[in-house]
**Q** 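Got a structure here, written out as structure tokens. Questions coming.
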Amino acid sequence: MAGAVMTGASMAGETPQKLRTGWTTGACAAAAAQAAVRGLITGQVPALVSITLPRGQTPSFAIERAETGPGWAEAAIRKDAGDDPDVTHQALIVVRVAEGSGGLNFHAGDGVGTVTMPGLPIAPGEPAINPVPRRMIDQEISAIAADHGRSVDFEVTVSIPGGEALAAQTWNPRLGIVGGLSILGTTGIVRPFSCAAWIASIHRGIDVARASGLTHVMGATGATSEAAAQRHHNLSDIACLDMGDFAGGLMKYLRRHPVDRFTLAGGFAKLVKLGQGAMDLHSGRSQVDFAELAQLAGAAGCDPAPIAAANTAMEALEHGGPALAQAVAGKALNAVDNVLRGSGVGTDVIVVDRSGRIVAQAGVGT
């Protein structure tokens, strides 16, 4: 199964790469469910199925493995995430459909998680199969059942062999999803290197923190700064949001869904860019303005000349020392406050060096 072709970003002067889109776990589960219910009703699981995605596309999926038994049938599809570095790429999505009663009921099989905390679109105690994939599965099963004059009374179990180990590489543990992966997807299509999935996970992290009654959350640009700030403020894992480079995406959502306090932690270079107005801190989408940094250094009592001539932010920090780090913390705090102004959220900023040492702090309670 190959995804559609799209043009990816490229470096200046390079020929744009063609990046394949792929399919979400939700799309794969819907296709496997269609194949399984066909097998249950007719005794024969098809080798290939076509489904209708939420926006009308009709991709086909090859069935890699199928099995039938008394009152049940099972089908498995190998997920193709295209050229996206998706942790579930090449994972086997297995769906068993069994005779049931009382409508369509979903179950978490091996490697699919269970929701244990409030704040997610699925209630605690339910399998981590999101609403859109549930609707897609329902749609595919209902269509086949109608073709054969059957009522939609089935037990649907979704499994991902090895999913529990893969889930350790995702946000699921912090979101209170235990035992495995989530079945996700709103369009059915994985777009390579899309920011949307990451930002959606940040939003869910805020939702879970608020629903859990937390009053202090933290976003960090990386693992080193997160660990330092988490220790400094003694925060739980749930309070630590996987912000990455998407400072703007996190803060805009937090402004609409506030808590009492927000800490933003990051490396020196990232926070320089934040203070200079960047809300996406990725190195490919924002750069340090060394002339502006030199002006800030001069105002902080540092010699601006070596700052202006620096090749990297870390070189600038070596010249500017603690005074420059503190000035950057203050400037970054101003940027945070500008986004969250009027929300009632108290803010602080923590600057962390590469060794994990806090080199500057600014804001509430620092």
**Q** Is the shortest side-chain heavy-atom distance between Asp237 and Gln230 below 4.5 Å?
**A**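 Asp237 vs Gln230: side chains touch.
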**Q** Out of curiosity, Ile137 CD1 to Ser142 OG, how far, rounded to the nearest 0.5 Å?
**A**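 So the CD1 of Ile137 and the OG of Ser142 are separated by 11.0 Å.
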**Q** Ignoring hydrogens and geometry, is there a side-chain-to-backbone donor-acceptor pair from Lys273 to Ser286 under 3.5 Å?
**A**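 The answer is yes, because a donor-acceptor pair under 3.5 Å joins these two groups.
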**Q** Could you tell me whether a side-chain N or O of Gln361 sits under 3.5 Å from a main-chain N or O of Ile350, the two making a donor and an acceptor?
**A** no
**Q** So Leu271 and Lys331, do their side chains get closer than 4.5 Å, heavy atoms only?
**A**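 No, every pair of side-chain atoms sits at 4.5 Å or beyond.
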**Q** Is there a donor-acceptor pair under 3.5 Å between the side chain of Trp198 and the backbone N or O of Asp242?
**A** yes
**Q** side-chain contact (heavy atoms from CB on, under 4.5 Å) for Asp86 and Lys79? Distances and angles first, verdict last.
**A** CA-CA 10 Å; Asp86 190 319; Lys79 177 179 171 177; 2.9 Å; yes
**Q** Give the cluster check for Val156 versus Leu92: same hydrophobic cluster or not, with ILVMFWY residues linked at side-chain heavy-atom distances below 4.5 Å.
**A** no
**Q** Any donor and acceptor pair, going by atom type alone, linking the side chain of Thr25 with main-chain N or O of Leu184 inside 3.5 Å?
**A**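 At least one qualifying donor-acceptor pair exists.
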**Q** What closest approach, in Å, do Val351 and Ala325 show between heavy atoms, and which atom pair accounts for it?
**A** CG2-O, 4.2 Å
**Q** Between Arg55 (side chain only) and Thr187 (backbone N and O only), is there a donor and an acceptor less than 3.5 Å apart?
**A** no
**Q** Check Arg65 with Glu74, please: is the shortest side-chain N to carboxylate O separation under 4.0 Å?
**A** yes
**Q** Before giving the answer on side-chain contact (heavy atoms from CB on, under 4.5 Å), spell out for Trp23 and Val190 the whole-Å C-alpha distance, their side-chain angles and the decisive distance to 0.1 Å.
**A** CA-CA 5 Å; Trp23 312 116; Val190 174; 5.8 Å; no
**Q** Does Phe246 share a hydrophobic cluster with Leu281, counting links as ILVMFWY side-chain heavy atoms below 4.5 Å and allowing steps through other members?
**A**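 Linked, Phe246 and Leu281 end up in one cluster.
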**Q** Quick check: closest heavy atoms across Ala108 and Thr157, and the distance to 0.1 Å?
**A** C-CG2, 4.3 Å
**Q** For Asp348 and Thr263, does a side-chain donor sit closer than 3.5 Å to a side-chain acceptor?
**A**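 Yes, side-chain donor-acceptor contact under 3.5 Å.
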**Q** Please answer whether the main-chain N or O of Asp289 pairs with a side-chain N or O of Gln276 as donor and acceptor at a distance below 3.5 Å.
**A**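 Pair found, side chain donor or acceptor close to backbone of Asp289.
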**Q** Could you tell me whether the side chain of Leu293 reaches within less than 4.5 Å of the side chain of Val328, counting heavy atoms only?
**A** yes
**Q** Measuring from Arg204:CZ to Asp207:CG, what's the distance to the nearest 0.5 Å?
**A** 4.5 Å
**Q** Trp171, Ile177: one ILVMFWY side-chain cluster at the under-4.5 Å cut-off?
**A** yes
**Q** Find the distance between CZ (Arg231) and CG (Leu235) and round it off to the nearest 0.5 Å.
**A**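 With rounding to 0.5 Å, CZ (Arg231) is 12.0 Å from CG (Leu235).
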**Q** Which residue is it: Asp337, Val336, Asn338? I am looking for the one with a side chain to side chain contact (heavy atoms under 4.5 Å, CB included) to Leu340.
**A** Val336
**Q** I need the Glu318 CD to Phe268 CZ distance, nearest 0.5 Å.
**A**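 Reported to 0.5 Å precision, the distance equals 10.5 Å.
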**Q** Hey, does Met136 have a side-chain heavy atom less than 4.5 Å from the side chain of Leu53?
**A**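 The answer is yes; the side chains approach within 4.5 Å.
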**Q** Donor-acceptor pair, distance only, cut-off 3.5 Å: does the side chain of Glu315 make one with the backbone of Asn311?
**A**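 Side chain of Glu315 to backbone of Asn311, a donor-acceptor pair under 3.5 Å: yes, one is there.
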**Q** Mind checking the NE2-CD spacing from His107 to Glu126? Nearest 0.5 Å is all I need.
**A**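 If we round to the nearest 0.5 Å, His107:NE2 and Glu126:CD are 9.5 Å apart.
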**Q** Should the heavy atoms of other residues, nucleotides or ligands under 6.0 Å from CZ of Arg285 be counted, would the total exceed 12?
**A**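 Count over threshold, so yes.
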**Q** Would one find more than 12 heavy atoms of other residues, nucleotides or ligands at under 6.0 Å from atom CD of Gln326?
**A**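 Atom CD in Gln326 is packed in, count exceeds 12.
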**Q** Strictly by modelled atom types, are Ser182 and Asn172 linked by a side-chain donor-acceptor pair under 3.5 Å?
**A**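 On atom types as modelled, these side chains qualify, holding a pair under 3.5 Å.
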**Q** Are Met117 and Ser212 side-chain neighbours, meaning at least one heavy-atom pair lies under 4.5 Å?
**A** yes
**Q** Might you point out which heavy atoms bring Ala247 and Leu264 nearest each other, and give the distance in Å?
**A**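 So the minimum-distance heavy-atom pair works out to CB-CD1, 4.4 Å.
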**Q** Hey, does Met243 have a side-chain heavy atom less than 4.5 Å from the side chain of Glu226?
**A** no
**Q** Step by step, would you call Ile206 with Arg210 a side-chain contact (heavy atoms from CB on, under 4.5 Å)?
**A** CA-CA 6 Å; Ile206 294 172; Arg210 282 166 46 89; 3.8 Å; yes
**Q** Which atom pair, heavy atoms only, marks the closest approach of Val132 to Pro54?
**A** CG1-CG, 4.0 Å
**Q** Step through the shown structure and confirm whether more than 12 heavy atoms of other residues, nucleotides or ligands are within 6.0 Å of CD on Gln44.
**A** no
**Q** So, His89 side chain and Ala81 main chain: donor-acceptor pair closer than 3.5 Å or not?
**A**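 At least one qualifying donor-acceptor pair exists.
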**Q** For Gly103, does its backbone N or O pair with a side-chain atom of Asp153 as donor and acceptor, under 3.5 Å?
**A**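 Yes; at least one donor-acceptor contact below 3.5 Å.
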**Q** Does Val95 share a hydrophobic cluster with Ile63, counting links as ILVMFWY side-chain heavy atoms below 4.5 Å and allowing steps through other members?
**A**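 Hydrophobic grouping puts Val95 apart from Ile63.
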**Q** Decide whether Val158 and Ile51 are clustered together by the hydrophobic rule: side chain heavy atoms of Ile, Leu, Val, Met, Phe, Trp, Tyr closer than 4.5 Å, transitively.
**A** no
**Q** Begin from the C-alpha positions of Gln139 and Arg135 and carry the test side chain to side chain donor-acceptor pair (under 3.5 Å) through to its verdict.
**A** CA-CA 6 Å; Gln139 169 186 289; Arg135 289 197 294 271; over 6 Å; no
**Q** If we check side chain to side chain contact (heavy atoms under 4.5 Å, CB included) with Cys28, which of these qualifies: Ile183, Ile93, Thr88?
**A** Ile93
**Q** Specify the closest pair of heavy atoms between Ala229 and Met218, including all atoms of both residues, with the distance to one decimal.
**A** CB-CE, 3.8 Å
**Q** What heavy-atom pair brings Ile122 and Ile129 nearest, and what distance separates the two atoms?
**A**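 It is CD1-O, 3.3 Å.
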**Q** Under a 4.5 Å cut-off applied to non-hydrogen side-chain atoms, are Val259 and Thr215 in contact?
**A** no
**Q** Kindly compute the distance separating CD1 (Ile160) from CG (Leu181), expressed to the nearest 0.5 Å.
**A**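 The CD1 atom of Ile160 sits 4.5 Å away from the CG atom of Leu181.
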**Q** Any side-chain heavy atom of Arg174 within less than 4.5 Å of one from Cys240?
**A** yes
**Q** How are the rings of Tyr253 and His203 set relative to one another: parallel (under 30°), tilted (30 to 60°) or perpendicular (over 60°)?
**A** parallel
**Q** Donor-acceptor pair, Arg255 side chain versus Arg341 backbone, under 3.5 Å?
**A**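 Side chain of Arg255 to backbone of Arg341: no pair is present.
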